[in-house]
Asks: 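Next up is a structure, given as structure tokens.
All figures in this text were calculated on a predicted structure; none of them were measured in a lab.
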Number of protein chains: 2
Amino acid sequence: MTSLSTFAEIAALAGDPGRAAMLRALMDGRALTASELAYVAGVTAQTASGHLARMTTAGLLSVAKQGRHRYHRLASSDVAQMIESIMQVASGPGSKRSPLAVGPKDAALRLARTCYDHLAGRLGVALADAVVGSGHVELATDGGLVTDAGVDFFGSIGIDFSALMTRDGKRSSRILCRPCLDWSERRPHIAGSIGAALCAHSFAAGWIDRINGTRAVMITPKGQRVFLEQFGVQLG
Amino acid sequence: MTSLSTFAEIAALAGDPGRAAMLRALMDGRALTASELAYVAGVTAQTASGHLARMTTAGLLSVAKQGRHRYHRLASSDVAQMIESIMQVASGPGSKRSPLAVGPKDAALRLARTCYDHLAGRLGVALADAVVGSGHVELATDGGLVTDAGVDFFGSIGIDFSALMTRDGKRSSRILCRPCLDWSERRPHIAGSIGAALCAHSFAAGWIDRINGTRAVMITPKGQRVFLEQFGVQLG
DNA sequence: AAAATGTTACGGTTACCGTCGAAGCATCAG
DNA sequence: CTGATGCTTCGACGGTAACCGTAACATTTT
């Protein structure tokens, strides 16, 4: 029953408070150095190094050494989804403690941030509402899809699905979407291939920008205009 | 940072080998007594009692006392999805140990079994392939949907979606599907609302039956006929 | 070369948690 | 009422692992 022992092993790795803090910090999809991760975990560098080594050999993390730094990131989207699902359970009805005061307290984080590879916060939720309201995307609790009109719409703003839709040889329909329930807004936003593409394109097109290396993002003036004109979204 | 502490708490609960075995046993969606769970975990009754109490207060399990028995089940489908996602990571590329000998060794389990609330094993995969091949369902890695033809098809075999499709007031499209990667077949099968409905209907209609209280199911003669005529599926 | 920074390795201490024995309640059978 | 079964609580034991000293190694900068 090998799968069982590794199951407990993986879960136990995520069960340590320090390692949990590291994983949570890596949920923005970026790669962090061991020192930064040691800081967020509240432990010394030696301790953090041991944790990172264990999580790397277990397949949770992948490292890329660059000069004298070693950048650690989540190994795959599967790991990100696992962390999400644990957060989902942790934020569930079982968390009686501090019923409404949950979520990031930083205003910038609440406004807009990245969630592994897509956008979250009020911006992410607003964009999701916009594309759902305009009929470009349909969302349910189990999954989501892009309508034919949505394919045209995303194409018009520079996101091409032709590369994404060639899966398994034949066209794999327009199911490229996954709802991701955020714990600050308590509303679903768009994850999956579309969410990742939209987030990447927003960075590339200069609509949003990272705030000094955190997972929070700011909306550029150009982004303000595009989000209002193309999506009808205005925040603040 | 309450959500973080509970995050590690939840993960640590799943990280103990004994508790992991219990959760794994409960993945068939049925309710088990404390004694049965103590047996599958390989611990004494006292130890199991403590584990069950902790997991219940944490919101992972829900209990229903019936006479002098206490039946434990997974608290929600969120918990089941969390367990699935951990299995997904545990079965990932990181599991070098016993590369191909994974999966349930029991022949009955490999053939057909329940996975929380839907069907898995060769039967589950075959049914998924059938409805995908006939164009009734479209599956991708991120989600799935039922086509208009699929709605008619499932209606013709006794599964009505009208109750499922009234979500949030307006019609919530036909996204009721979620792929679930099984660790014995390494192929996706159909979970989500459709998977649950199909599984429940198969039991109700007498197409399948539980094998003496395990998560393995047998295909009745009636089921053999229905699966062949309606889905074109023949196993064995 | 030498200093500085980032990362890993080793030993010893400490605290936590899983485990079981024994005993205490609840429920059912006779 | 008496005995039996299922489950839980209490207390004590033991092992595991997180943690931080100190120290070594690697890389970059001066």
Side-chain angles (χ1 to χ4, degrees), chain A residues 1 4-26 30-58 60-73 75 90 213, chain B residues 1 4-26 30-58 60-75 213:
Chain A
M1 208 60 74
L4 199 155
S5 69
T6 52
F7 173 94
E9 199 175 312
I10 296 291
L13 281 177
D16 177 74
R19 288 190 295 257
M22 294 181 184
L23 292 175
R24 192 182 200 274
L26 290 170
R30 290 175 309 133
L32 301 179
T33 66
S35 311
E36 295 170 313
L37 290 169
Y39 175 76
V40 300
V43 296
T44 61
Q46 315 91 298
T47 304
S49 177
H51 287 319
L52 293 172
R54 288 182 60 184
M55 289 196 284
T56 301
T57 59
L60 291 182
L61 266 45
S62 71
V63 300
K65 61 179 311 181
Q66 209 172 81
R68 56 180 167 180
H69 295 276
R70 289 174 70 97
Y71 288 96
H72 301 258
R73 68 169 68 245
Chain B
M1 209 60 74
L4 198 156
S5 69
T6 52
F7 174 94
E9 201 175 308
I10 296 290
L13 281 177
D16 177 74
R19 288 191 295 258
M22 294 180 183
L23 292 174
R24 193 183 200 276
L26 290 171
R30 289 176 309 134
L32 300 179
T33 67
S35 311
E36 295 169 314
L37 290 170
Y39 176 76
V40 301
V43 295
T44 60
Q46 315 90 293
T47 304
S49 177
H51 287 321
L52 293 172
R54 288 183 60 183
M55 290 195 284
T56 301
T57 60
L60 292 182
L61 267 46
S62 70
V63 300
K65 62 178 308 182
Q66 211 171 81
R68 55 180 167 182
H69 294 278
R70 289 176 72 99
Y71 287 96
H72 300 257
R73 67 169 67 245
L74 297 186

Asks: Can you check the B:Gln46 CD to D:dT5 P distance for me, whole Å?
Replies: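 That distance rounds to 16 Å.
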Asks: Among D:dA18, C:dT27, C:dT19, which nucleotide has an atom closest to any side-chain atom of B:Asp16?
Replies: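 For B:Asp16, the side-chain atoms sit closest to C:dT19.
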Asks: Write down the distance between NE2 (A:His51) and C1' (D:dA17), rounded to a whole number of angstrom.
Replies: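 Between C1' of D:dA17 and NE2 of A:His51: 9 Å.
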Asks: Which nucleotide, C:dC20, C:dT8, D:dT8, lies nearest any side-chain atom of B:Ala45?
Replies: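 Among C:dC20, C:dT8, D:dT8, the one nearest the side chain of B:Ala45 is D:dT8.
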Asks: In whole Å, I'd like the distance from the CD atom of A:Gln66 to the C1' atom of D:dT27.
Replies: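 In whole Å, D:dT27 C1' lies 13 Å from A:Gln66 CD.
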Asks: Could you point out which residue of A:His72, A:Arg70, A:His69 forms a side chain to side chain contact (heavy atoms under 4.5 Å, CB included) with A:Thr33?
Replies: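 It is A:His69; the other options fail the test.
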Asks: For C:dC17, does OP1 or OP2 lie under 4.0 Å from any side-chain N or O of B:Arg54?
Replies: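 False: B:Arg54 side-chain N/O out of range (4.0 Å or more) of C:dC17 OP1/OP2.
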Asks: Side-chain contact, heavy-atom cut-off 4.5 Å: B:Leu61 with B:Leu74?
Replies: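 A side-chain contact under 4.5 Å exists here.
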Asks: Would you say A:Met55 and A:Leu23 make side-chain contact, with heavy atoms under 4.5 Å?
Replies: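 Yes - at least one pair of side-chain heavy atoms lies under 4.5 Å apart.
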Asks: Sub-3.5 Å donor-acceptor pair from the side chain of B:Thr57 to the main-chain atoms of B:Ala53, do we have one?
Replies: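 A pair under 3.5 Å: yes.
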Asks: Give the rounded distance in Å between these two atoms: NE2 of A:His69 and P of C:dA4.
Replies: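 Distance check: A:His69 NE2 to C:dA4 P gives 17 Å.
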Asks: Can you tell me which nucleotide in D:dC19, D:dT9, C:dT7 comes closest to the side chain of A:Val43?
Replies: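 Nearest to the side chain of A:Val43 among the choices is D:dC19.
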Asks: Rounded to the nearest angstrom, tell me the gap between atom NZ in A:Lys65 and atom C1' in C:dT7.
Replies: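 My rounded result for the distance is 9 Å.
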Asks: Expressed as a whole number of angstroms, how long is the span from A:Tyr71:OH to D:dT27:C1'?
Replies: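 Checked: the OH to C1' distance equals 13 Å.
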Asks: Check the distance between D:dA17's P and A:Met55's CE and give it to me in whole angstrom.
Replies: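 Rounded to whole Å, this separation is 16 Å.
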Asks: Among the candidates C:dT27, D:dT27, C:dA22, find the nucleotide nearest to the side-chain atoms of A:Arg68.
Replies: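 Given the options C:dT27, D:dT27, C:dA22, the side chain of A:Arg68 is closest to D:dT27.
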Asks: Taking all non-hydrogen atoms of both residues into account, name the closest pair between A:Leu13 and A:Arg19 and its distance.
Replies: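 Smallest heavy-atom distance, with atoms named: O-NE, 2.6 Å.
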Asks: Which is true for A:Ser35 with a 4.0 Å heavy-atom rule: it touches a base, it touches only sugar-phosphate, or it touches nothing?
Replies: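 The answer is sugar-phosphate, as A:Ser35 gets under 4.0 Å only of primed atoms, P, OP1 or OP2.
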Asks: From C-beta outward on A:Ser49, which listed nucleotide comes closest to its side chain: C:dT8, D:dA17, D:dT9?
Replies: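 Comparing C:dT8, D:dA17, D:dT9 against the side chain of A:Ser49, the answer is C:dT8.
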